[in-house]
Participant: 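Structure incoming, see below.
Since the model is a prediction, treat every value here as computed from it, not as a measurement.
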Amino acid sequence: MARLVVVQQQHNHPSFSILPSSLSDFNGTRLHAQVQFKKKVCQPKGALHVTASSAKKILVMGGTRFIGIFLSRLLVKEGHQVTLFTRGKAPITQQLPGESDQDYSDFSSKILHLKGDRKDFDFVKSSLSAEGFDVVYDINGREADEVAPILDALPKLEQYIYCSSAGVYLKSDLLPHFETDAVDPKSRHKGKLETETLLESRDVNWTSIRPVYIYGPLNYNPVEEWFFHRLKAGRPIPVPNSGNQITQLGHVKDLATAFIQVLGNEKASKQVFNISGEKYVTFDGLAKACAKAGGFPEPEIIHYNPKEFDFGKKKAFPFRDQHFFASIEKAKSVLGWKPEFDLVEGLTDSYNLDFGRGTFRKEADFFTDDLILGKSFVSV
């Protein structure tokens, strides 16, 4: 059982604590090892490696589900003081798949926690102004009105780094999406778009990151997991329409690295960056890539017309049924960032460190599959 250690308060500040979680269900060999020969360090693909910079007092809004788990490790490794602002409903830290007990202990002992609801604006203002953070990473912000109190509370803030979404772009026949493309004020991500507009209007140094689809170990969205469930069950993969729709995925570790590379970077000041994988992939190609990553036979793919079915509120496929991908050239040229994972390597990493260990976020649900397959077999 983890022990609660309260950090000594110098003023009448909200209580902070170092809160390691109980032992995680994940275990295994060390995730990233370093081998040294004559001062040359060999860093394996996807290793959480950062360069040194001046230490900052950093607040991460969120940080206990997916992106923030990897980002917070990078920040701690770089020597920053990291505080996670959460409602405290989930363990504040959890051991990564394959992470050694020692590495996890070192990390969790350095994480601070501020418990609260970001929609309680009075608490946000009072608690943050009392602490005076240098940098904010906003990982879970969805609405502009959730961001304004943070900016009000931190007038000397050095940088506000926001996790937006490529979903803000207006649907177009001209692809890939560039950061200068038209945006859709009616998209389901309009709150993120309004947040970017707010940041532009305020006297604050900001950077916005627009990921496309994110995947990797601990992913709470059923992206690769959706395919892995069907592959493991030996079922056909239902794919809407032709299966030639082109999309794009980016590994969470590559995304975390991009978040690090904008920190304190003058070239990132008041800039937007698309972040995702190097190449694009069709829906059919993604199904095949997932099979290869998990060591499954090439799957049987069943194409269907979604207009012929009434799925109710259930989602029959985890991706939007359209071409959807973005250029990452700006991040590569301006930041010097480049994704380490190609798609199959990244999916293999996700499978080996998560689904392949028997862990997943959502149970398999083949209800819509059975509707599709039943109609397909009758048609034949």
Participant: Under 6.0 Å between ring centres, would you say that holds for His229 and Phe366?
Facilitator: no

Participant: Let me check something: any side-chain donor-acceptor pairs from residues 151-160 under 3.5 Å, sequence neighbours excluded? List them with distances.
Facilitator:
{"from": "Asp152", "atom 1": "OD1", "to": "Arg202", "atom 2": "NH2", "distance (Å)": "2.6"}
{"from": "Glu158", "atom 1": "OE1", "to": "Lys56", "atom 2": "NZ", "distance (Å)": "2.8"}
{"from": "Gln159", "atom 1": "OE1", "to": "Gly264", "atom 2": "N", "distance (Å)": "2.8"}
{"from": "Gln159", "atom 1": "NE2", "to": "Thr207", "atom 2": "OG1", "distance (Å)": "3.1"}
{"from": "Gln159", "atom 1": "NE2", "to": "Val262", "atom 2": "O", "distance (Å)": "2.9"}
{"from": "Tyr160", "atom 1": "OH", "to": "Asp138", "atom 2": "OD2", "distance (Å)": "2.5"}

Participant: Compute the ring centroids of Trp337 and Phe273, then answer whether they are less than 6.0 Å apart.
Facilitator: no

Participant: CD1 of Ile214 to NZ of Lys253: how many Å apart, nearest 0.5 Å?
Facilitator: 15.0 Å

Participant: Quick check for you: to the nearest 0.5 Å, what is the distance between His189 atom NE2 and Leu193 atom CG?
Facilitator: 11.0 Å

Participant: Mind listing the closest non-hydrogen atom pair of Ile139 and Ile67 along with its distance?
Facilitator: CG2-CB, 4.0 Å

Participant: Can you list the other members of the hydrophobic cluster that holds Tyr280, where links are side-chain heavy atoms under 4.5 angstrom apart?
Facilitator: Leu175, Ile246, Phe325

Participant: If we ignore hydrogens and angles and just use 3.5 Å, is the side chain of His80 paired with the main-chain N or O of Val82 as donor and acceptor?
Facilitator: no

Participant: Checking Ser72 now: which residues fulfil side-chain hydrogen bond (donor to acceptor under 3.5 Å, both in side chains) with it, not counting sequence neighbours?
Facilitator: none

Participant: On a heavy-atom basis, which atom in Asp354 and which in Phe360 lie closest, and how many Å separate them?
Facilitator: OD1-N, 4.2 Å

Participant: Under 3.5 Å, which donor-acceptor pairs link side chains of residues 307-316 to any protein atom two or more places apart or in another chain?
Facilitator:
{"from": "Asp310", "atom 1": "OD1", "to": "Gly312", "atom 2": "N", "distance (Å)": "3.0"}
{"from": "Lys314", "atom 1": "NZ", "to": "Asp365", "atom 2": "OD2", "distance (Å)": "2.9"}

Participant: Parallel, tilted or perpendicular for Phe317 and Phe283, by the 30°/60° rule?
Facilitator: tilted

Participant: Do the ring planes of Phe70 and Phe66 sit parallel (below 30°), tilted (30 to 60°) or perpendicular (above 60°)?
Facilitator: perpendicular

Participant: Check ring pair (Phe, Tyr, Trp, His ring centres under 6.0 Å) between Phe107 and all other residues, then give those that pass, not counting sequence neighbours.
Facilitator: none

Participant: If the condition is salt bridge (charged side-chain N to carboxylate O under 4.0 Å, His left out), which residues does Lys338 pass it with, not counting sequence neighbours?
Facilitator: none

Participant: Please, which pairs that meet side-chain hydrogen bond (donor to acceptor under 3.5 Å, both in side chains) have at least one residue in residues 209-219, sequence neighbours excluded?
Facilitator: Tyr169-Arg210, Glu196-Arg210, Tyr213-Arg320, Asn219-Glu224

Participant: Working note: Gln81 + Lys110, criterion side chain to side chain donor-acceptor pair (under 3.5 Å); need CA distance, chi angles, decisive distance, verdict.
Facilitator: CA-CA 8 Å; Gln81 179 183 303; Lys110 296 173 183 175; over 6 Å; no

Participant: Is it the case that over 12 heavy atoms from other parts of the model lie below 6.0 angstrom from the CZ atom of Arg142?
Facilitator: no

Participant: Taking side-chain hydrogen bond (donor to acceptor under 3.5 Å, both in side chains) as the definition, give me every residue that meets it alongside Gln245, ordered by chain and number, with sequence neighbours left out.
Facilitator: Asp321

Participant: When rounded to the nearest 0.5 angstrom, what distance separates CD in Gln94 from CZ in Arg65?
Facilitator: 11.0 Å

Participant: Under the rule for side-chain hydrogen bond (donor to acceptor under 3.5 Å, both in side chains), what residues qualify as partners of Gln102, not counting sequence neighbours?
Facilitator: Asp106

Participant: How is the hydrophobic cluster of Leu170 composed, in terms of its other members, when Ile, Leu, Val, Met, Phe, Trp and Tyr link through side-chain heavy atoms under 4.5 Å apart, directly or indirectly?
Facilitator: none

Participant: Taking only residues at least two apart or on different chains, which pairs with a member in residues 277-295 satisfy salt bridge (Lys or Arg N to Asp or Glu O under 4.0 Å)?
Facilitator: Glu278-Lys332

Participant: Considering all heavy atoms of both residues, which atom of Ile301 and which atom of Ala287 are nearest to each other, and what is their separation?
Facilitator: CD1-CB, 4.1 Å

Participant: Going by side-chain hydrogen bond (donor to acceptor under 3.5 Å, both in side chains), name the residues that satisfy it together with Ser269, two or more places apart in sequence or in a different chain.
Facilitator: Asn205

Participant: Could you grab the distance from atom CD1 of Ile150 to atom OG of Ser129, nearest 0.5 Å is fine?
Facilitator: 12.5 Å

